[in-house]
Amino acid sequence: MLKENLVYDRPEGFTDTPTHYCPGCTHGVAHRLVAEVLEEMGVIDKTIGVAPVGCSVFAYNYFDTDFVEAPHGRAPAMATGIKRVMPDRIVFTYQGDGDLASIGMGEIVHAAARGENITVIFINNANFGMTGGQMAPTTLPGMKTSSSVNGRDVEIQGYPIKVSEMLSTLDGVGYCVRRSLHDPKNIRLAKKAIRMAFETQARGLGFSLVELLSTCPTNWGMTPVNSLKFVEEHMMPFYPLGDYKISDAIKQIKI
Amino acid sequence: MLKENLVYDRPEGFTDTPTHYCPGCTHGVAHRLVAEVLEEMGVIDKTIGVAPVGCSVFAYNYFDTDFVEAPHGRAPAMATGIKRVMPDRIVFTYQGDGDLASIGMGEIVHAAARGENITVIFINNANFGMTGGQMAPTTLPGMKTSSSVNGRDVEIQGYPIKVSEMLSTLDGVGYCVRRSLHDPKNIRLAKKAIRMAFETQARGLGFSLVELLSTCPTNWGMTPVNSLKFVEEHMMPFYPLGDYKISDAIKQIKI
Amino acid sequence: MQKEIIISGFGGQGVLFAGQVIAYAAMDSGKQVTWIPSYGPEMRGGTANCTVVIADQEIGSPLVKNPPLVIALNLPSYDKYEPMMQVGGTLVVNQSMVDRGAKRADINTVFVSANEIAEQIGDKKLTNMVAVGALLAALPEVTIETLEEALKAHLPARHQHLLPKNYEALRRGFESAKEQLAVIV
Amino acid sequence: MQKEIIISGFGGQGVLFAGQVIAYAAMDSGKQVTWIPSYGPEMRGGTANCTVVIADQEIGSPLVKNPPLVIALNLPSYDKYEPMMQVGGTLVVNQSMVDRGAKRADINTVFVSANEIAEQIGDKKLTNMVAVGALLAALPEVTIETLEEALKAHLPARHQHLLPKNYEALRRGFESAKEQLAVIV
Amino acid sequence: MPKELWKGNEAIAEAAVRAGLEAYFGYPITPQTEVLEYLSRRMPELGRAFVQAESELGAINMVYGAACTGVRVMSSSSSPGVSLMMEGISYIAGTEVPAVLVNVMRGGPGLGNIAPAQADYNQAVHGGGHGDYQAIVLAPASVQEAIDLTVLSFDLAEKYRSICMVILDGCVGQMMEPAEMPEMKPVHRENWDWNTDAKMGKRERRILSSIYLDPVEEEKMNLRLLNRWRTIEANEVRYKEYFLDDAEIVIIGFGTAGRVALSAVREARAQGIKVGLLRPITVSPFPHKVIDQLAGRVDAFLVTEMNSGQMLEDVRLAVKGRVPVEFYGRMGGVVPFPDEILNEIHRMAKVKLSADVHPRDAWLERMAHV
Amino acid sequence: MPKELWKGNEAIAEAAVRAGLEAYFGYPITPQTEVLEYLSRRMPELGRAFVQAESELGAINMVYGAACTGVRVMSSSSSPGVSLMMEGISYIAGTEVPAVLVNVMRGGPGLGNIAPAQADYNQAVHGGGHGDYQAIVLAPASVQEAIDLTVLSFDLAEKYRSICMVILDGCVGQMMEPAEMPEMKPVHRENWDWNTDAKMGKRERRILSSIYLDPVEEEKMNLRLLNRWRTIEANEVRYKEYFLDDAEIVIIGFGTAGRVALSAVREARAQGIKVGLLRPITVSPFPHKVIDQLAGRVDAFLVTEMNSGQMLEDVRLAVKGRVPVEFYGRMGGVVPFPDEILNEIHRMAKVKLSADVHPRDAWLERMAHV
Amino acid sequence: MPAKGWIEVSDIYCKGCELCISACPQEVIELNMSHLTPKGYHPAHTFKDGCTGCAICALVCPDAAITVYREVTKAVPVPA
Amino acid sequence: MPAKGWIEVSDIYCKGCELCISACPQEVIELNMSHLTPKGYHPAHTFKDGCTGCAICALVCPDAAITVYREVTKAVPVPA
Ligand SMILES: Cc1ncc(C[n+]2csc(CCOP(=O)(O)OP(=O)(O)O)c2C)c(N)n1
Ligand SMILES: Cc1ncc(C[n+]2csc(CCOP(=O)(O)OP(=O)(O)O)c2C)c(N)n1
Ligand code: SF4
Ligand code: SF4
Ligand code: SF4
Ligand code: SF4
Ligand code: SF4
Ligand code: SF4
Ligand SMILES: [Mg+2]
Ligand SMILES: [Mg+2]
């Protein structure tokens with residue numbers, strides 16, 4: 001096979017380790033996009049990742065960068081610690097919705113408010129995947145989970161939190177957008193957003209976060225393909241895709 | 001003196017205990033307004049307050065209601081615990097900006113998101129009063145505190161958090177407004193807002209919060225009168241007064 | 001009396017339920033019993049196993065290192081547990097998923113084509129019950145009848161119509177094992 | 001040698017700084033020294049006090065129950081510490097804030113009109129220094145000269161111009177006390 | 001009630017319900033999640049309060065709030081989650097309100113793993129939170145005991161206005177055993193003289209707080225807690241004895257380590273070795289007295305735990321060097337098999353033991369092969 | 001360097017700076033706040049990292065992150081704040097990264113008060129976080145010691161890839177004493193073989209985590225920690241002796257309780273009573289050995305603490321019942337005066353002591369008057 | 001003609017913060033420098049006539065130290 | 001005429017999730033039911049001609065299991 005024939009190959013940002021994710025789980029897609037962006041920006045060598053507690057707890061096995069493993073929800077604090085002593089490194093967290101929006105709410109809000117110059121990849125799959133599919137702050141109204149078996153009753157179990165909308169009210173936030181991983185077009189847009197988020201950091205323009213609507217075929221009890229449909233039909237209407245905050249300086253960035 | 005001569009008297013919601021607040025500190029005004037509202041609504045007898053850690057740690061000494069004392073920042077969680085088992089009681093927290101917006105961010109966001117049927121009186125005095133005036137999440141850009149002696153540098157120390165703006169993005173919030181305690185007119189408006197917040201709770205209409213711009217003459221190093229001017233001239237432009245969220249059901253309330 | 005049983009196989013083979021049914025039957029026979037799943041790194045997919053201990057008296061360890069009774073529903077399980085077994089123990093092997101013979105002569109190995117038998121009965125999911133039936137041939141403390149009762153009592157309502165097929169699976173497994181054990185003995 | 005001093009008064013009377021100056025002077029005289037504020041419920045307003053211990057050897061307890069040396073700048077302090085004092089100790093009382101005489105005869109009570117003297121010198125804030133001067137009359141381990149040196153070294157730059165007045169306060173207090181102590185002895 | 005096959009975690013949940021649990025606040029974590037999931041269904045069914053909190057920090061403070069009103073309330077978690085509750089637990093202790101907390105312990109430190117462990121003994125028994133306080137700590141070894149001790153935990157918590165913890169390892173949480181549930185106790189609110197459930201026209205207002213700004217007052221409060229603890233020590237020690245009458249070697253182990261030891265003890269007895277087992281059920285208050293007495297008549301002790309020897313030190317405190325105390329532990333989620341403990345018994349029966357070297361050091365040498 | 005009058009908290013802050021502190025993360029709390037305030041000015045001045053975190057939870061995890069990169073980092077807090085750090089501490093221990101944490105202890109449990117106390121001894125020494133780990137814990141009794149031990153804490157933390165805590169009571173934190181600062185050490189980054197500071201073209205990637213999903217691997221990690229701890233125990237025990245040579249009664253106390261005891265000892269010696277003092281400087285590793293030796297030749301011990309007798313149990317473990325161990329404690333922020341301890345010495349010199357009743361119980365009886 | 005009113009300032013509660021002084025539309029309040037409260041503050045008092053009983057001073061007082069009275073002439077709403 | 005392309009699916013990474021199958025605009029991918037990967041999955045493969053090398057399958061593959069090739073005819077941008 002000739003080099004010039006190659007259209008797409010596994011990104012260099014990845015290690016050889018196969019992921020432990022369930023078949024068709026779009027955590028894998030999000031991983032791949034991050035790896036591609038780091039490769040394209042040529043920053044693999046100076047990147048330090050912070051893995052969360054959640055299904056992506058082993059994220060550190062898959063990226064060819066240094067990695068640390070945070071306590072549940074505390075990745076933004078760890079990332080702050082790292083970035084403050086190593087300001088020339090690229091530091092990112094990769095967090096699920098239980099991790100970021102439930103237990104880790106205090107840390108993410110404050111990292112954002114401080115304008116901490118880190119990048120957050122936020123995987124919203126509307127449940128706690130790792131512990132067996134319990135209700136997350138992002139679980140849709142009426143959605144059944146292992147801790148809301150009759151469907152989330154918002155009157156008793158509370159309303160879902162729209163993370164991007166909430167965080168974009170904070171002045172420290174440079175870049176905050178929501179994308180989805182459910183079809184090729186949206187995956188491309190997601191990758192562009194991830195790129196922009198890392199560029200924001202590389203240029204020192206403040207806190208950047210990309211929220212990605214993602215699937216959990218296992219706990220949703222659906223095939224991977226149907227899970228993508230669920231994202232499109234149920235999650236997207238509730239969690240509108242869009243740019244929630246892009247600071248003027250970041251709007252200037254051309255890539 | 002005839003009863004009919006009486007125009008204003010110390011509210012019954014208060015105990016006889018003089019407060020420990022510094023002279024001119026508007027924590028006292030906020031207290032008085034809450035006491036007046038509880039009295040006017042006739043709910044003193046069924047109210048349980050939750051005191052924070054902060055200058056108002058001894059709030060429990062002043063109101064003639066049952067009271068508990070929360071760990072720093074956790075008042076909304078304690079209030080949740082109380083309200084869930086005593087849904088017919090009136091439960092409120094009284095919290096400072098360090099308590100609510102710094103260490104207690106996770107708890108307040110989630111109580112709000114859950115639409116927890118409690119009332120939060122939130123005293124924004126732009127610093128940690130009790131521990132000697134350190135920077136709070138609400139400290140204004142450039143403002144000097146004992147942990148930002150050269151004035152808050154937002155690039156390094158982060159941007160202030162606008163709590164009402166942020167929380168009003170949450171669906172569980174019924175009532176969320178910002179008022180000020182710096183002059184008679186605004187004090188009257190603040191009292192109306194506190195009344196509305198408690199009415200929201202009494203009618204089961206969800207989470208209610210009144211943010212009150214307040215002074216800290218001691219740590220600001222100003223006379224009480226000048227502190228009121230500081231609120232008007234510096235805090236109000238940064239923290240605009242207004243109704244950030246009033247649900248439709250609450251708008252119907254007539255008092 | 002104390003008997004320890006390990007049941008092991010792939011995730012979807014009904015390993016945990018098989019153990020529970022034995023545990024129910026033992027309980028209904030007035031025995032002490034413990035059932036414990038292996039839960040661990042391999043939570044998602046991979047092999048699953050559980051340990052059932054049946055005894056007359058208060059049970060100590062719910063886990064066992066050298067089991068006298070094992071059901072291995074697939075090759076990895078067979079490979080793993082054969083060397084661990086107690087001398088003289090009985091190992092029920094699902095021949096449908098295994099392409100080798102016994103390596104140990106000091107235990108009784110019973111080969112049952114559990115998949116085939118289950119398919120013959122008309123439900124692939126009965127593989128586990130065929131194997132359980134086979135095990136009963138070496139576990140006199142639990143009779144086929146109590147096991148049937150246990151199944152009846154504990155199969156979820158929506159599966160109750162499958163009871164006759166479950167019974168058949170048990171008996172086919174039992175017969176197959178009894179023949180082999182008769183030869184061995 | 002070990003001497004313990006408690007200095008007590010209202011919040012704004014410069015109690016803590018008075019203790020620090022003595023501590024500096026003791027340190028500069030090559031002594032061991034500890035200074036500790038009372039911090040507690042009465043953080044905001046109310047009375048303030050600090051304890052200074054001066055010794056030749058490693059100091060044990062930085063707090064003392066029965067002090068031999070006390071400065072009481074107001075009545076509550078006087079009331080509080082008079083009964084606690086060691087027999088034979090010296091208690092400097094700010095007569096300007098106190099309207100009663102001594103209750104104990106087994107200690108030396110020195111009355112100094114610290115406020116008046118300070119005002120005479122021209123700065124009400126020097127009350128504490130007048131009292132410190134008075135104390136020195138009973139604390140031979142620290143000379144007026146070292147205390148002046150200490151003041152010079154540690155008074156913030158913006159107050160350095162006040163040094164002469166501080167010196168005067170010290171000496172006026174010292175003189176006043178020496179007279180009284182001479183009588184007592 | 002007839003026996004049913006119950007999974008440990010679900011049994012605890014149902015037992016709590018039957019004991020009159022009015023509110024549960026928790027956060028998912030393996031291997032405890034079944035408690036939360038079970039109650040997420042069961043509590044609303046009964047019209048009682050269930051909240052999946054935002055975190056363990058949220059959960060313990062919801063517990064704290066509800067506890068102040070005087071109702072029966074609990075949370076459950078596993079090791080890392082329980083660490084997050086330390087401040088709250090200290091507050092609950094300092095406020096003297098009753099609350100129940102279940103810790104289904106897993107391998108640590110840090111994120112560790114989800115396998116069964118007993119390494120939070122010290123945290124529970126010797127105070128993981130700040131300040132002087134003692135928690136009542138119960139350690140079930142079977143599903144039936146998990147049920148019984150859960151019920152007991154509410155009674156003890158209320159009786160002594162204390163935090164009461166049930167600590168079990170993942171084995172007991174995940175295991176199924178036949179067990180009998182107690183009758184359903186109707187929820188009834190006691191007329192406490194301390195709870196803050198609002199005046200309601202009936203009484204003066206009440207305050208619940210853990211502040212005692214004056215050290216002397218705080219010291220009095222500390223003394224009150226300590227004296228109460230002496231009563232608890234006098235009345236509430238529980239343990240189970242096996243073959244102790246003529247035992248020359250006594251094994252001490254709690255929870256799963258204790259029941260694994262039971263298998264080894266039976267085997268050793270079958271071999272004619274005079275060995276017995278003491279299984280503490282309350283690890284706090286600790287059964288010091290019975291160990292003290294045993295130390296006067298037996299030849300040696302073997303402490304076995306699924307940690308590095310935490311309870312070991314409490315045993316050594318009781319034995320006071322009179323006879324050798326040996327240790328055998330497995331850590332990090334490894335559950336010992338009976339034969340490992342049997343080996344230790346054989347070793348102890350053979351060689352002359354010394355009380356000089358620390359048993360942990362000796363054990364570490366023996367573990368060099370791992 | 002000439003001696004200067006330093007306040008304990010500020011001295012710790014400056015000592016850390018001189019030891020090469022590259023980052024501080026903390027949250028205000030009395031009586032520790034001066035550490036944070038001092039560093040909020042000092043660190044930026046030197047171009048080093050200072051963040052006032054959103055909470056202690058945030059702070060400890062910022063410390064954890066920075067520690068992973070291999071730089072010198074610390075946090076400080078006081079009792080309730082330290083309780084909030086328990087999960088993070090367990091993670092730091094489990095990841096084997098060096099970090100320093102200062103606890104200026106106050107009265108508790110719960111919110112308690114801001115007066116000096118030593119009631120977090122157990123939390124620090126016996127593990128307040130989940131899982132098996134040990135922290136190195138240093139207990140200064142003076143401002144100079146606070147400086148020296150702060151510097152030492154960074155060295156020890158790095159040497160053993162361990163969490164190292166400095167625990168002091170509010171007295172030492174608020175006190176001023178003449179003290180000598182060490183020279184300013186230039187910040188220099190070591191070439192560790194474990195830190196995650198990015199590959200930077202020089203090496204393979206590195207991971208730092210506390211997960212060991214396989215229990216056997218976790219057990220190996222636990223054993224590694226334990227064996228390291230044996231080295232620490234062998235090499236790093238520190239204590240100070242006073243008048244021990246001919247002592248018949250030995251007092252043991254750390255921090256302020258230890259120095260208050262010194263005053264009592266001097267007084268007793270002046271009265272001809274043969275009493276000495278052992279002041280542990282490392283409370284973890286604990287000076288077991290020297291106490292063991294003393295127990296062979298002295299008549300009795302008196303443990304004195306500003307808590308209910310937490311270190312007491314460690315002393316009793318070392319003494320093993322050979323001679324009586326008595327206890328005298330004050331709690332809740334009360335600092336004992338020397339005469340209280342002198343009274344105890346007199347009592348001990350007079351009456352015949354028994355090793356039978358628990359010293360805490362006996363003390364509680366004596367405290368009945370409070 | 002404005003209503004005639006008067007106020008009482010509690011010695012127990014007043015801390016002499018002067019907020020009432022700067023808020024009083026009639027400018028009839030000042031600190032009583034010849035009196036010290038038990039807590040050591042100079043309390044507020046009216047030093048001249050002109051109080052209308054408008055209760056604005058009570059509205060701004062952080063210590064609920066002021067009781068306001070008025071001659072009953074016509075109905076005036078209490079401060080809300 | 002569309003470009004001619006082809007793909008390689010890695011046995012190590014593919015988990016048979018079928019996302020590529022449903023995404024392929026040419027509908028040339030299916031699971032290979034006659035082959036099991038070491039992890040026990042039926043992997044994806046192209047079962048007929050028509051692949052254009054558009055790389056959409058690779059874009060949606062969560063396991064980065066697909067390598068895409070194309071005959072070099074004209075420049076086509078790689079998926080961004
Ligand atoms: C302190 C603490 N609490 C709880 C847990 C258990 N836990 C592990 S992952 C997880 C939720 C993960 O959900 P999410 O962040 O949405 O990630 P996903 O698995 O859905 O990708 C929880 C609750 C833990 N490990 N630590
Ligand atoms: C866990 C914990 N951390 C820190 C503290 C110390 N602390 C007490 S009050 C306070 C800040 C209070 O500020 P704020 O909430 O704004 O109230 P204010 O005093 O300004 O009214 C802090 C940090 C504490 N008591 N507990
Ligand atoms: S459980 Fe859900 S989120 Fe986790 S790997 Fe499986 S599909 Fe993905
Ligand atoms: S310190 Fe500030 S907030 Fe606290 S009572 Fe004084 S003035 Fe009010
Ligand atoms: S506002 Fe109140 S406290 Fe302040 S001076 Fe007036 S009466 Fe006194
Ligand atoms: S009632 Fe009105 S007029 Fe009278 S003193 Fe008060 S503010 Fe002034
Ligand atoms: S998308 Fe990837 S993992 Fe899924 S079937 Fe296709 S090649 Fe296999
Ligand atoms: S490259 Fe395009 S045409 Fe070819 S298999 Fe993949 S998706 Fe189908
Ligand atoms: Mg999720
Ligand atoms: Mg504040």
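On a predicted model such as this, the values are computed, not experimentally measured, just so you know. First the proteins, then the strands, lettered A, B, ... as listed; each starts at 1.
Using a 4.5 Å heavy-atom threshold, the side chains of T131(A) and I29(E) count as separate.
Side chain to side chain, S147(A) and E37(E) fail the donor-acceptor criterion of an N or O pair below 3.5 Å.
The structure places OG1 of T30(E) at 7.5 Å from CE of M130(A), a figure rounded to the nearest 0.5 Å.
Of all residues spanning residues 45-57 of chain E, those with a heavy atom less than 4.5 Å away from chain A's heavy atoms are Q52(E), A53(E), E54(E), S55(E), E56(E), arranged by number. Identified by a heavy-atom distance below 4.5 Å to chain A, the contributing residues of residues 79-93 of chain E are L84(E), in residue-number order.
Only the side chain of Y27(E) comes within contact range of chain A, judged by heavy atoms closer than 4.5 Å.
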